[in-house]
Undergrad: 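This structure is in structure tokens; I'll ask about it shortly.
Heads up: numbering here begins at 1 and tracks the sequence.
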Amino acid sequence: MSLSTWLAFFAASWAISFSPGPGAVSAMASGLKYGFRRGYWTTVGLILGILAQFCIVAVGLGAVLAASELAFNLLKWLGAGYLVYLGWLQFRTDAAPVAVEAAPREDFSIRQLVMRGCMVNLINPKGTVFLLAVVPQFLNPAAPLAVQYVILAATLAFTDLVAMGCYTTLASRILRLLRTPRHIRWVNRAFGAMFILAGTVLATFSRRV
């Protein structure tokens with residue numbers, strides 16, 4: 001892979017990472033509820049999910065999902081349902097005021113946040129199809145593919161870490177402006193609606209797009 005090819009992918013990765021989607025919504029929801037330091041664990045899960053997607057594409061399973069109507073639809077509806085479920089949970093989030101510097105909440109779990117972020121990206125077939133469409137354009141068939149996949153995956157993981165960190169920070173700053181349960185309730189409903197919208201959009205996604 002030439003330097004110019006990598007720079008082109010690096011530039012594309014910033015656009016991919018900052019584009020609004022389920023990952024951005026998940027990062028903001030965690031930042032809103034837990035603040036930056038705790039909420040950023042969701043981003044760790046998101047990165048693990050996108051790296052798993054890269055592995056799927058690299059070993060050829062992505063091609064199977066893209067070619068099999070049944071496999072694609074099963075994963076698509078699973079992903080859509082999971083996003084709607086997250087939206088429902090966000091709707092039901094406690095409306096009591098929260099503070100960034102408060103002691104850890106009883107419902108705070110690093111493992112759950114990491115798993116939640118990972119699942120958001122892992123069971124999103126749109127991500128697999130997207131990687132199948134984009135990544136090959138930056139590969140050199142004459143060079144070892146494994147090394148190139150590692151470089152591209154690491155590049156996208158880095159830009160995602162920065163982008164999701166920005167989304168988490170943005171949401172955590174909102175915590176300082178929330179003074180009443182009514183404010184928090186409406187913000188939680190807004191994030192819940194975004195999760196449900198993301199799930200709805202995923203449900204309408206076609207592998208032929």
Undergrad: Could you report the tightest heavy-atom contact between Ile196 and Val84, atom names first, then the distance?
TA: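 Minimum heavy-atom separation between Ile196 and Val84: CG1-O, 4.1 Å.
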
Undergrad: Rounded to the nearest 0.5 Å, what separation is found between the CH2 atom of Trp6 and the CD1 atom of Ile151?
TA: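 Between atom CH2 of Trp6 and atom CD1 of Ile151 there are 9.5 Å.
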
Undergrad: Report the distance from atom SG of Cys55 to atom CD of Gln53, rounding to the nearest 0.5 Å.
TA: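 Going from SG on Cys55 over to CD on Gln53, the span is 10.0 Å.
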
Undergrad: Within the 4.5 Å heavy-atom criterion, are Trp41 and Ser109 side-chain neighbours or not?
TA: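 No, too far: nothing below the 4.5 Å cut-off.
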
Undergrad: Indicate, with yes or no, if Ile110 and Leu48 share a hydrophobic cluster defined by side-chain heavy-atom contacts under 4.5 Å among Ile, Leu, Val, Met, Phe, Trp and Tyr.
TA: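 Leu48 clusters together with Ile110.
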
Undergrad: Is there a donor-acceptor contact under 3.5 Å from the side chain of Ser26 to the main chain of Gly23?
TA: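 No; zero donor-acceptor contacts below 3.5 Å.
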
Undergrad: According to side chain to side chain donor-acceptor pair (under 3.5 Å), who are the partners of Asp160, at least two apart in sequence or on a separate chain?
TA: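 If we apply the side chain to side chain donor-acceptor pair (under 3.5 Å) test to Asp160, skipping adjacent residues, the hits are Ser17.
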
Undergrad: Can you confirm whether Ser172 sits close enough to Leu32 that some side-chain heavy atom of one is under 4.5 Å from a side-chain heavy atom of the other?
TA: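 SC-SC contact between Ser172 and Leu32 ruled out.
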
Undergrad: Under the rule for ring pair (Phe, Tyr, Trp, His ring centres under 6.0 Å), what residues qualify as partners of Tyr40, not counting sequence neighbours?
TA: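 Tyr40: ring pair (Phe, Tyr, Trp, His ring centres under 6.0 Å) contacts with Phe36.
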
Undergrad: To the nearest 0.5 Å, tell me how far Thr5 OG1 sits from Gln148 CD.
TA: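 With rounding to 0.5 Å, OG1 (Thr5) is 9.0 Å from CD (Gln148).
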
Undergrad: With a 4.5 Å heavy-atom cut-off, do Thr42 and Val114 have their side chains touching?
TA: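 They are not in side-chain contact.
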
Undergrad: Mind checking whether Phe54 and Leu156 have side chains closer than 4.5 Å, heavy atoms only?
TA: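 In contact.
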
Undergrad: Return the OG1 to CG distance between Thr168 and Leu46, rounded to the nearest 0.5 Å.
TA: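 Thr168 atom OG1 to Leu46 atom CG measures 8.0 Å (nearest 0.5 Å).
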
Undergrad: State, with a plain yes or no, whether a side-chain heavy atom of Tyr34 is found less than 4.5 Å away from one of Leu113.
TA: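 Answer yes - side chains close enough.
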
Undergrad: If you group Ile, Leu, Val, Met, Phe, Trp and Tyr by side-chain heavy-atom gaps below 4.5 Å, do Val162 and Ile50 land in one group?
TA: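 Looking at the clustering, Ile50 is in the same group as Val162.
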
Undergrad: To check you understand the geometry: which heavy-atom pair defines the closest contact between Thr43 and Met164, and what is its length?
TA: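 Shortest heavy-atom separation between Thr43 and Met164 comes out as OG1-CB, 3.2 Å.
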
Undergrad: If two hydrophobic side chains count as joined below 4.5 Å and joins carry through other members, does Leu7 share a cluster with Phe18?
TA: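 Yes, Leu7 and Phe18 fall within the same hydrophobic cluster.
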
Undergrad: Is there a continuous path of hydrophobic side-chain contacts, each under 4.5 Å between heavy atoms, that joins Ile47 to Met115?
TA: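 No, it is not one cluster - the side chains of Ile47 and Met115 are not joined through contacts under 4.5 Å.
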
Undergrad: Classify the ring geometry of Phe10 against Phe158: parallel below 30°, tilted from 30° to 60°, perpendicular beyond 60°.
TA: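 If you compare the ring of Phe10 with that of Phe158, the planes turn out parallel.
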
